[in-house]
Amino acid sequence: MKTILTVNIGLCGFGTVGQGVWKHLQHSRAELTSRLGANVEVTRIAVKDLKKKRSVKVPVSKLTEDALEIANDPSIHVVCELIGGTTLARKVTLAALKNGKIVVSANKALICDHGAEIFEAARKHGGHFFFEASVAGGIPIIKALREGLVANRFPRIYGILNGTCNYILTQMGTRGLAYSEVLREAKALGYAEADESLDVEGWDTAHKASVLAWLAHGVWVQPKDMIVEGINRLSPADLHNATTLGYTIKLLAVISRDFKKNELSVRVHPTLLPINSVVASVGGVFNAVAVTGDVVGTTHYIGRGAGQDATASAVISDIADAVALIKHGKGTHLTSESYEPNQKGCKLAPAERIIGCYYVRLTVKDQSGVLANVANVLSKNKVSIATVIQNPAHTGAASLVLTTHESNEKSIGQALKQLTNLDSVLETPLVLRIGNFTD
Ligand code: HSE
């Protein structure tokens, strides 16, 4: 009888994702063996607490509390880093790569903060690093960019990359519920990060945008160099106003590159999208990414962006790539660490060249002359008003919602500061971007 290769896997981290990977590797064992022509065996699992009760049953002999023991175990070929955070996760990843192993990771924060160091370690020691599960959960967007779209340059990539925020915005819009109420639901469903501020303040999306920007443009852009705004200041009234104006609101990552000026912009913000656009129609925990390539045109990728099963699907796809690499050797497919970006001179676009239309919500004193003062500030900053909606707010106050014609980040930023300083403006104004993307 022909003996087939056995690839030994060490799972570091056995939370929601780790347990999902274990569960699906067991359930799909026969199919995977036949598809990969190899046995995939989880031989070691690092957990935080050996005594903790888990719904998934694993032989106690496989468990350890020392993730580094797995990274240094010569019998393990593939280390899945599913710990999260950037401290122990970094140590385990670098140790495994130093030992020439293949590391599979779902850790977008780790890649964003330490990607350059990780790929350098992989190159230096002959290890490999796969990270399909780090962006957009179950959607194979990493492989799409790295392999399927390799012929393209990317003037624009935009999309919904955080399932928790999309779930919250969808529920606020359809059920008119307050933000805090829906956030509680999203947490109970297991979508949110342990620290939910990563989701709702836009940082999780920024980490993912950083990974996509690097893949598409070969440049590491850190969240501190992006515009990053979350969804925590939105109210059901904003979703209602957006609908009245023909839009829906999504938390988007937008990565645009002007190849003539050689400028890149990476930003994360709630965005009004035309209600009939493909990405606008994607609700719930789903993610959606629109990738415009100069050769292929625009392609769309839609699927579950958070949750145990979707993320496990992406991790197992990387395990499959690892098996192919072990079986057939380097060169059988494109690995990210062999990628040599040639992006000399690519700079981040200055604020005045980030162009767009805006939605501005102000709570103002309901008195004569207030609208004129607001219009005056916008006019002084060369921001032209497109539409105005006024509704009563609390006693003596009105909610004023303006949309603008095309302006830019510099002008709207200046206008916002001056509006905040007006006596008649009662709360910090809310500014949202309007993404008039037609694809
Ligand atoms: N908290 C993340 C989300 C999980 O909601 O998208 C997947 O990265």
Side-chain angles (χ1 to χ4, degrees), residues 2-13 17-18 21-22 24-25 28-45 67 70-82 89 92-108 110-111 114-135 138-150 211 214-215 218 311-341:
K2 198 173 142 209
T3 54
I4 65 167
L5 174 77
T6 295
V7 173
N8 293 333
I9 312 286
L11 295 184
C12 295
V17 179
V21 172
W22 164 267
H24 289 290
L25 282 176
S28 312
R29 179 179 279 273
E31 287 85 353
L32 281 169
T33 303
S34 135
R35 287 176 190 165
L36 305 181
N39 291 316
V40 172
E41 212 55 71
V42 176
T43 53
R44 299 291 279 153
I45 303 175
I70 292 182
N72 291 319
D73 181 339
S75 72
I76 286 177
H77 306 106
V78 180
V79 173
C80 294
E81 184 280 294
L82 307 170
V92 167
T93 299
L94 292 176
L97 291 173
K98 210 168 165 191
N99 290 322
K101 295 188 193 300
I102 300 172
V103 175
V104 170
S105 175
N107 194 332
K108 53 262 167 174
L110 179 72
I111 306 170
H114 302 288
E117 181 187 26
I118 288 170
F119 288 114
E120 181 49 35
R123 272 192 293 273
K124 190 165 163 200
H125 302 288
H128 298 280
F129 186 74
F130 292 119
F131 49 100
E132 185 59 69
S134 66
V135 181
I139 304 174
I141 188 69
I142 304 291
K143 284 188 198 14
L145 284 174
R146 189 177 60 210
E147 296 166 27
L149 300 175
V150 71
V211 176
W214 178 76
L215 265 179
T311 313
S313 169
V315 170
I316 293 171
S317 84
D318 277 346
I319 292 176
D321 276 358
V323 171
L325 200 60
I326 292 166
K327 274 185 80 174
H328 306 294
K330 222 173 164 166
T332 47
H333 60 276
L334 302 173
T335 56
S336 297
E337 58 279 351
S338 59
Y339 175 48
E340 284 183 21

Which distance, rounded to the nearest 0.5 Å, do you find between the [atom1] of [X] and the [atom2] of [Y]?
| X | Y | atom1 | atom2 | value |
| --- | --- | --- | --- | --- |
| Ile111 | Phe119 | CD1 | CZ | 6.5 Å |
| Ser105 | Leu110 | OG | CG | 5.5 Å |
| Ile326 | Ile102 | CD1 | CD1 | 4.0 Å |

Could you tell me whether the side chain of [X] and the main chain of [Y] form a donor-acceptor pair under 3.5 Å?
| X | Y | answer |
| --- | --- | --- |
| His77 | Asn8 | yes |
| Asp73 | Ser75 | yes |
| Lys108 | Val211 | no |
| Glu132 | Ile141 | yes |
| Asp318 | Phe131 | yes |
| Thr93 | Ala89 | yes |

Do you know which two heavy atoms are closest between [X] and [Y], and how far apart they sit?
| X | Y | value |
| --- | --- | --- |
| Leu11 | Gly18 | CD1-O, 3.8 Å |
| Ala38 | Lys327 | CB-CD, 4.4 Å |
| Ala96 | Val79 | CB-CG2, 3.9 Å |
| Arg44 | Ile76 | CG-CD1, 3.6 Å |
| Asp321 | Arg146 | OD2-NH2, 4.0 Å |
| Ser134 | Ile142 | OG-CD1, 4.4 Å |

| Do other residues, nucleotides or ligands put more than 12 heavy atoms under 6.0 Å from the NZ atom of Lys143? | yes
Taking C-beta and beyond as the side chain, do [X] and [Y] meet within less than 4.5 Å on heavy atoms?
| X | Y | value |
| --- | --- | --- |
| Leu32 | Ile316 | yes |
| Ile118 | Val103 | no |
| Val78 | Phe130 | no |

| Only one of Val92, Val104, Ile70, Ile45 clears side chain to side chain contact (heavy atoms under 4.5 Å, CB included) with Cys80; which? |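 Testing Cys80 for a side chain to side chain contact (heavy atoms under 4.5 Å, CB included) against Val92, Val104, Ile70, Ile45 leaves exactly one candidate, Val104.
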| Partners passing salt bridge (charged side-chain N to carboxylate O under 4.0 Å, His left out) against Arg35 (at least two apart in sequence or in another chain) | none
